[in-house]
Amino acid sequence: MANVTVSEVSKVYEGGVLAVNRLSLTVNDREFMVLVGPSGCGKSTMLRMIAGLEDVSDGTIRIGDRVVNNVPPKDRDIAMVFQNYALYPHMTVYENLAFGLKLRKIPKADIERRVRETAEILGLNGYLDRKPKALSGGQRQRVAVGRAIVRKPAVFLFDEPLSNLDAKMRVQMRAEISKLHTRLEATMIYVTHDQAEAMTMGDRICVMKDGVIQQVDTPMNIYDNPANLFVAGFIGTPPMNLIRGELQEHDGGFSFRAGNICIPLPPDWTETIKDYAGKTVVYGIRPEDIGSDQAEKSGSVARLHAKVEVREPMGAETYLYLDAGTGASCIARVDAHRQVAVGDELDLALYGKRAHLFDAETEKRII
């Protein structure tokens, strides 16, 4: 296996369209790195440059110790799994798995052994004689993954491989790819726009926007400590509540005020936030930290008075969309058995110690 090092890489298309802007990232040997962001953020372009399917406008890409900018895709020792499976419809599963090995003139006995081993890993033993049209979407995706595994590359690249599957199959395949990573101890780079996939699969996550990296960290560090407003609003389901208001100083302490809301801030924040007194800031708090049992038990003096506009039962929990008089809706994630109806007015505790403040101008996290 190998590490992948991307140094100051940019991609400019005809007409001056900047898709990737001076991106630098190191993917460690045997790491599962997820590139995540909205459509058009440059994540797939970056993956295709690593694969050699797109030229690099500037910067260098290394796989292991070798600069591969001008190395053809077939010589980079990578394997890529595409969104549309890219299987040969006229070939059987066995032939699809074996095709790349035959091109490399691998001995027939080795091809047989590798294909059988890969089929065993992915549960495809009973499907080797079938053609792709006789397979379900999930089975086709397994074949596409198998075609990558059978080559035993240094690096696996996945370009939104689950987006064509239904919700249940996506969850199943997420788990299978994660188990595969553990079993193969392989270096994997996975592109997705689905932050749930990123959170559940990645050793680390690289969050991108407009061709620029916003934050690289472990899933929980990104969730608990987002670097800026974009990351805070993008990572998490439902997303973090972000309320724009003013930081006010009084009696040696600070509070956040927005419309009818006044939230006392923790005393241990004082030293960090004192320079923002009187300035516009953004208060961020996760839905699970509004009105939850943890919030109620925290002894917090901060409370939110709000009216329930929409109630979404999700099974184990319920999402409440609230009007708190701030000009923006808030979302609370509460116990499913809590008796709440649309139109109810609630007085909800905030677990303020887990909240954040963001600079309204730079959009960077203050605390």
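As the structure is a prediction and not an experimental result, all values here were calculated from the model.
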**Six-ring centre of Tyr276, Lys274 cation under 6.0 angstrom, axis tolerance 45°** = no
**Spacing of OG belonging to Ser44 relative to CE belonging to Met49, to within rounding of 0.5 Å** = 11.0 Å
**Under 3.5 Å: donor-acceptor pair, side chain of Arg76, backbone of Ile50** = yes
**Message:** For Asp65, I'd like to know if atom CG has over 12 heavy atoms of other residues, nucleotides or ligands within 6.0 Å.
**Reply:** no
**Message:** Within the supplied structure, the quantity of interest is the number of heavy atoms (other residues, nucleotides, ligands) at a distance under 6.0 Å from Asp268 CG; does it exceed 12?
**Reply:** yes
**Request:** Flag yes if Leu53 and Ile78 sit in one hydrophobic cluster, no otherwise; membership is Ile, Leu, Val, Met, Phe, Trp, Tyr, and two members link when side-chain heavy atoms are under 4.5 Å apart.
**Result:** yes
**Message:** As an exercise, state the distance from CD1 of Ile121 to CG of Leu184, rounded to the nearest 0.5 Å.
**Reply:** 5.5 Å
**Request:** Before accepting this row, confirm whether a basic side-chain N of the pair Arg174/Glu197 lies closer than 4.0 Å to the acidic partner's carboxylate O.
**Result:** no
**Request:** Would you kindly confirm whether Ile263 and Ile331 end up in one hydrophobic cluster when ILVMFWY residues are joined by side chain heavy atoms under 4.5 Å apart?
**Result:** no
**Message:** Is it the case that over 12 heavy atoms from other parts of the model lie below 6.0 angstrom from the OH atom of Tyr85?
**Reply:** yes
**Request:** State, yes or no, whether a side-chain contact exists between Leu265 and Phe256 at a heavy-atom distance under 4.5 Å.
**Result:** yes
**Message:** I'd like to know if the side chain of Arg286 and the backbone of Arg333 have a donor-acceptor N/O pair within less than 3.5 Å.
**Reply:** no
**Item:** Thr318 vs Asp335, side-chain contact (heavy atoms from CB on, under 4.5 Å): CA-CA, chis, key distance, verdict
**Value:** CA-CA 6 Å; Thr318 295; Asp335 185 273; over 6 Å; no
**Asked** Take atom NE2 in His337; do more than 12 heavy atoms of anything else shown fall under 6.0 Å from it?
**Response** no
**Asked** Where is the tightest heavy-atom contact between Leu124 and Gln139, given as atom of each residue plus distance?
**Response** CD2-O, 4.2 Å
**Request:** Quick one: pull up CD1 in Ile243 and SG in Cys330 and give me the separation to the nearest 0.5 Å.
**Result:** 3.5 Å
**Prompt:** So how far is it from Leu18 CG to Ser57 OG, rounded to the nearest 0.5 Å?
**Reply:** 8.5 Å
**Message:** Can you confirm whether Arg22 is buried at CZ, in the sense that more than 12 heavy atoms of other residues, nucleotides or ligands lie under 6.0 Å from that atom?
**Reply:** no
**Request:** Report the distance from atom NE2 of His193 to atom OG of Ser163, rounding to the nearest 0.5 Å.
**Result:** 6.5 Å
**Request:** Please tell me if the side chains of Glu363 and Phe358 come closer than 4.5 Å, counting only heavy atoms from C-beta onward.
**Result:** no
**Request:** Could you pull out the closest heavy-atom pair between Leu304 and Ala324, with the gap in Å?
**Result:** CD1-CB, 3.7 Å
**Item:** Trace of the side-chain contact (heavy atoms from CB on, under 4.5 Å) decision for Ser10 with Val20
**Value:** CA-CA 5 Å; Ser10 296; Val20 174; 5.6 Å; no
**Residue pair Arg204 / Asp217, side-chain heavy-atom distance below 4.5 Å** = no
**Message:** Can you confirm whether Lys133 sits close enough to Pro89 that some side-chain heavy atom of one is under 4.5 Å from a side-chain heavy atom of the other?
**Reply:** no
**Prompt:** Would Asn125 and Glu120 count as having a side-chain donor-acceptor pair, cut-off 3.5 Å?
**Reply:** yes
**Message:** Using every non-hydrogen atom in the two residues, find where Ile111 and Ala98 come nearest and quote the distance to one decimal.
**Reply:** CG2-CB, 3.6 Å
**Asked** If you round to the nearest 0.5 Å, how far is CD1 of Ile177 from CE of Met188?
**Response** 8.0 Å
**Asked** Can you find a heavy atom in the side chain of Asn96 that is under 4.5 Å from one in the side chain of Pro132?
**Response** yes
**Message:** Could you tell me if the side chain of Met46 sits less than 4.5 Å from the side chain of Val6, heavy atoms only?
**Reply:** yes
**Asked** For the side chain of Asp194 and the backbone of Ala196, is there at least one donor-acceptor N/O pair under 3.5 Å apart?
**Response** yes
**Asked** Checking Arg114 side chain against Val150 main chain: does a donor-acceptor pair fall under 3.5 Å?
**Response** yes
**Prompt:** Between His90 and Tyr88, how do the two ring planes meet: parallel, tilted or perpendicular, split at 30° and 60°?
**Reply:** perpendicular
**Prompt:** Which class fits the ring pair His181 and Phe32: parallel under 30°, tilted 30 to 60°, perpendicular over 60°?
**Reply:** perpendicular
**Message:** For the backbone of Asp55 and the side chain of Lys11, can you confirm whether one donor and one acceptor N or O come within less than 3.5 Å of each other?
**Reply:** yes
**Prompt:** Donor-acceptor pair, Gln215 side chain versus Asn225 backbone, under 3.5 Å?
**Reply:** yes
**Prompt:** Any donor-acceptor pair under 3.5 Å linking the side chain of Arg104 with the backbone of Gly100?
**Reply:** yes
**Item:** Cationic N near anionic O, under 4.0 Å, Arg354 to Asp289
**Value:** yes
**Item:** Pair Arg113 + Glu117: basic N to acidic O under 4.0 Å
**Value:** yes
**Message:** Using a 3.5 Å distance criterion without hydrogens, assess whether the side chain of Lys43 forms a donor-acceptor pair with backbone atoms of Pro38.
**Reply:** yes
**Prompt:** Salt-bridged, Lys364 to Asp359, with N to O below 4.0 Å?
**Reply:** no
**Item:** Side-chain heavy atoms of Leu357 within contact of Ile273, under 4.5 Å
**Value:** yes
**Request:** Please indicate whether Asp110 has more than 12 foreign heavy atoms, meaning atoms of other residues, nucleotides or ligands, lying under 6.0 Å from its CG.
**Result:** yes
**Message:** Can you confirm whether Glu288 sits close enough to Glu317 that some side-chain heavy atom of one is under 4.5 Å from a side-chain heavy atom of the other?
**Reply:** no
**Prompt:** Which heavy atom in Val81 sits nearest to a heavy atom in Pro161, and how many Å separate them?
**Reply:** CG1-CB, 4.1 Å
**Request:** Evaluate side-chain contact (heavy atoms from CB on, under 4.5 Å) for Asp203 paired with Thr218, printing each intermediate quantity in order.
**Result:** CA-CA 6 Å; Asp203 295 326; Thr218 63; over 6 Å; no
**Same cluster (ILVMFWY, side-chain, under 4.5 Å), Val212 and Ile222** = no
**Complete:** Minimal heavy-atom distance between Pro153 and Asp77, with the atoms involved, is CA-OD1, 3.5 Å
**Request:** Answer yes when Arg116 and Glu112 have at least one side-chain N-carboxylate O distance shorter than 4.0 Å, and no when they do not.
**Result:** yes
**Linked, directly or transitively: Phe99 and Met80 (ILVMFWY side chains, under 4.5 Å)** = no
**Request:** Please determine, by modelled atom types, if Asp129 and Thr92 share a side-chain donor-acceptor pair under 3.5 angstrom.
**Result:** no
**Request:** Answer yes if the side chains of Gln195 and Tyr223 hold a donor-acceptor pair under 3.5 Å, and no otherwise.
**Result:** no
**Asked** Is it true that Glu246 and Lys279 make a salt bridge, defined as a side-chain N closer than 4.0 Å to a carboxylate O?
**Response** no
**Message:** Between Arg311 (side chain only) and Val342 (backbone N and O only), is there a donor and an acceptor less than 3.5 Å apart?
**Reply:** no
**Message:** For a quick test of reading the model, state the closest non-hydrogen atom pair linking Ala277 to Glu249 and the distance between them.
**Reply:** CB-OE1, 4.1 Å
**Prompt:** With no hydrogens and no angle check, is any side-chain donor or acceptor of Asn164 less than 3.5 Å from a backbone partner on Gln83?
**Reply:** yes
**Message:** Assess whether a salt bridge exists between Glu345 and Lys307, defined as any Lys/Arg side-chain N lying under 4.0 Å from an Asp/Glu carboxylate O.
**Reply:** no
**Request:** Walk me through it: do Val145 and Gln141 pass the test side-chain contact (heavy atoms from CB on, under 4.5 Å)?
**Result:** CA-CA 6 Å; Val145 172; Gln141 191 60 74; 4.1 Å; yes
**Item:** Connected via hydrophobic side-chain network under 4.5 Å: Tyr94 and Leu135
**Value:** yes
